[in-house]
Amino acid sequence: MEVHEVPMPEIRKPGDVIVRVIKACVCGSDLWWFRGIGQRQHGSLTGHEALGVVERIGDDVHTLQEGDFVIVPFTHCCGECAACKAGFESNCFNAEPGGNAGYQAEYMRVYSADTSLVKVPADPHELSDETIASLLTVADVMCTGYHAATCARVQPGGTAVVFGDGGVGLCGVLSAKLQGAERIIAMSRYEDRQQVARAFGATDIVPERGDEAVSRVMELTDGIGADSVLECVGTEQSTLSALAVARPGGFIGRVGVPHTTNIDVNNLFWRNVTLSGGPASVTPYANGKNGLVAKILNGDINPGMIFTADFDLDHVQDAYEAMDERRAIKSMISIGAL
Ligand SMILES: [Zn+2]
Ligand SMILES: [Zn+2]
């Protein structure tokens with residue numbers, strides 16, 4: 001990772017705003033290309049999760065003002081197309097190729113800002129560091145974990161199994177709890193992550209992987225399997241294990257970016273198991289009276305616990321390395337002052 005001076009982003013369309021970034025972070029999905037497993041163009045701008053203050057607004061921006069405190073989601077929402085109207089803004093038909101590149105920066109451009117940004121209804125100067133960290137998770141991981149639980153149709157009193165103990169997996173545990181799961185089995189082999197999983201509502205921890213993990217979950221569920229399975233990793237092993245532990249008629253919510261080739265889903269047919277999921281949408285989960293932002297501001301949830309290290313922009317390489325080497329669950333990058 002290298003820090004370069006680049007031209008200041010500009011308002012290009014009337015619906016654009018320029019956000020001055022206060023906090024950004026590194027995502028587990030960034031590690032795929034950081035490790036060289038995924039491809040990324042050399043010299044491209046990075047980051048897709050941020051919190052900031054609106055610095056400038058275009059002529060056709062109506063719900064935001066300069067100075068507003070906002071969450072910048074990894075998704076874009078035009079608010080008008082069939083996908084956005086159906087609540088699937090991550091599939092927006094009017095998304096620009098490349099999206100809002102460069103959240104790990106001092107300033108960034110956001111288009112269709114009225115509908116894409118999540119305005120925080122609070123004075124940021126009065127919020128604790130913990131609350132600010134929690135709001136940052138709404139840009140991606142908390143909504144992605146919540147999407148996994150929603151797609152896995154977690155029901156009150158049900159059993160949920162969560163594959164993945166990174167930011168998304170841990171937020172998946174918290175979301176399963178929020179949606180009423182009584183028993184939550186978290187797959188994790190790292191002490192620090194197990195602790196957060198328990199704090200978020202995990203009742204059982206399974207450190208095994210692969211076939212052993214499957215046997216262990218089947219044992220814990222009396223040979224039945226889980227009502228809901230949250231797949232928050234995306235590797236072949238994790239996906240295959242997730243498919244194997246859903247009970248007959250169960251639901252799998254898949255949000256780990258797939259790094260698999262051939263997954264045979266025919267055996268799901270014989271067990272009446274539903275496989276659902278994909279990239280999450282942020283604004284439908286974040287906004288509203290019972291949305292995730294309200295829950296954070298009320299102190300009901302504290303997903304910001306997943307940030308266990310904080311860096312400045314000059315140490316962005318360290319921020320990635322800390323996650324790559326599992327010294328940090330998730331790295332925050334503190335960029336601007338409020
Ligand atoms: Zn992300
Ligand atoms: Zn759209």
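Values below: all heavy atoms of this structure, side chains included; hydrogens, waters and symmetry mates excluded.
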Lys/Arg N to Asp/Glu carboxylate O, Asp165 vs Arg193, below 4.0 Å: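 The answer is yes: the pair qualifies as a salt bridge.
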Ionic contact status for Arg109 with Glu96, cut-off 4.0 Å: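 Judged by the 4.0 Å cut-off on N to carboxylate O distance, Glu96 and Arg109 do form a salt bridge.
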Ignoring hydrogens, what is the shortest heavy-atom contact between [X] and [Y]? Give both atom names and the distance.
X	Y	value
Ala337	Arg20	O-NH1, 2.8 Å
Pro73	Ser116	CG-O, 3.1 Å
Val273	Arg247	CG2-O, 3.5 Å
Val173	Ala202	CG1-N, 3.7 Å
Tyr103	Ile335	O-CD1, 4.3 Å
Leu45	Arg40	O-NH2, 2.6 Å

Intermediate values then yes/no, side-chain contact (heavy atoms from CB on, under 4.5 Å), Arg327 and Thr308: CA-CA 9 Å; Arg327 284 180 281 112; Thr308 56; over 6 Å; no
Could you tell me the separation between the [atom1] atom of [X] and the [atom2] atom of [Y], rounded to the nearest 0.5 Å?
X	Y	atom1	atom2	result
Ile296	Ser134	CD1	OG	5.0 Å
Lys23	Ile132	NZ	CD1	7.0 Å
Ile71	Leu51	CD1	CG	6.0 Å
Glu208	Ser215	CD	OG	8.5 Å
Arg198	Ile184	CZ	CD1	11.5 Å
Asn91	Cys84	CG	SG	9.0 Å

Residue pair Ser112, Thr115: steps toward the side chain to side chain donor-acceptor pair (under 3.5 Å) verdict: CA-CA 6 Å; Ser112 305; Thr115 37; 5.0 Å; no
Is there a side-chain contact between [X] and [Y] (heavy atoms, below 4.5 Å)?
X	Y	result
Asp68	Glu66	no
Met8	Glu10	no
Glu191	Gln195	yes
Val316	Ile333	yes
Tyr320	Glu325	no
Phe307	Leu136	yes
Ile11	Tyr111	no
Val26	Glu49	no

Between [X] and [Y], is there a shared hydrophobic cluster once you connect ILVMFWY residues whose side-chain heavy atoms come closer than 4.5 Å?
X	Y	result
Leu338	Leu313	no
Leu127	Met305	yes
Ile57	Met108	yes
Trp32	Ile329	no
Val141	Phe311	no

Derivation and outcome, side chain to side chain donor-acceptor pair (under 3.5 Å), residues Glu231 and Ser238: CA-CA 7 Å; Glu231 202 295 307; Ser238 173; 2.5 Å; yes
Is it the case that over 12 heavy atoms from other parts of the model lie below 6.0 angstrom from the [atom1] atom of [X]?
X	atom1	value
Glu182	CD	no
Asp59	CG	no
Glu55	CD	yes
Asp60	CG	yes
Gln317	CD	yes
Phe34	CZ	yes

side-chain contact (heavy atoms from CB on, under 4.5 Å) between Leu243 and Leu275, intermediate numbers included: CA-CA 8 Å; Leu243 300 189; Leu275 177 62; 4.1 Å; yes
side-chain contact (heavy atoms from CB on, under 4.5 Å) between Phe163 and Val229, intermediate numbers included: CA-CA 8 Å; Phe163 286 86; Val229 182; 3.8 Å; yes
Between Thr150 and Gln179, a side-chain donor and acceptor under 3.5 Å: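 Side chains of Thr150 and Gln179: pair found under 3.5 Å.
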From CA spacing to verdict: side-chain contact (heavy atoms from CB on, under 4.5 Å), Val19, Val53: CA-CA 6 Å; Val19 171; Val53 174; 6.0 Å; no
Measure from the side-chain N and O atoms of [X] to the backbone N and O of [Y], and report whether any donor-acceptor pair falls under 3.5 Å.
X	Y	value
Asp30	Cys27	yes
Asn298	Lys295	no
Thr260	Ile263	no

Verdict with supporting geometry, Glu89 and Thr75, side chain to side chain donor-acceptor pair (under 3.5 Å): CA-CA 7 Å; Glu89 65 192 27; Thr75 49; 2.8 Å; yes
Test side chain to side chain donor-acceptor pair (under 3.5 Å) applied to Asp310 and Ser334, step by step: CA-CA 7 Å; Asp310 191 358; Ser334 293; 2.8 Å; yes
Parallel, tilted or perpendicular: rings of His147 and Tyr285 (30°, 60°):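 Taking His147 first and then Tyr285, their aromatic rings sit tilted (interplane angle of 30° to 60°).
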Criterion side-chain contact (heavy atoms from CB on, under 4.5 Å) against Cys171, the qualifying member of Ile306, Thr144, Asp140: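 The option that passes is Ile306.
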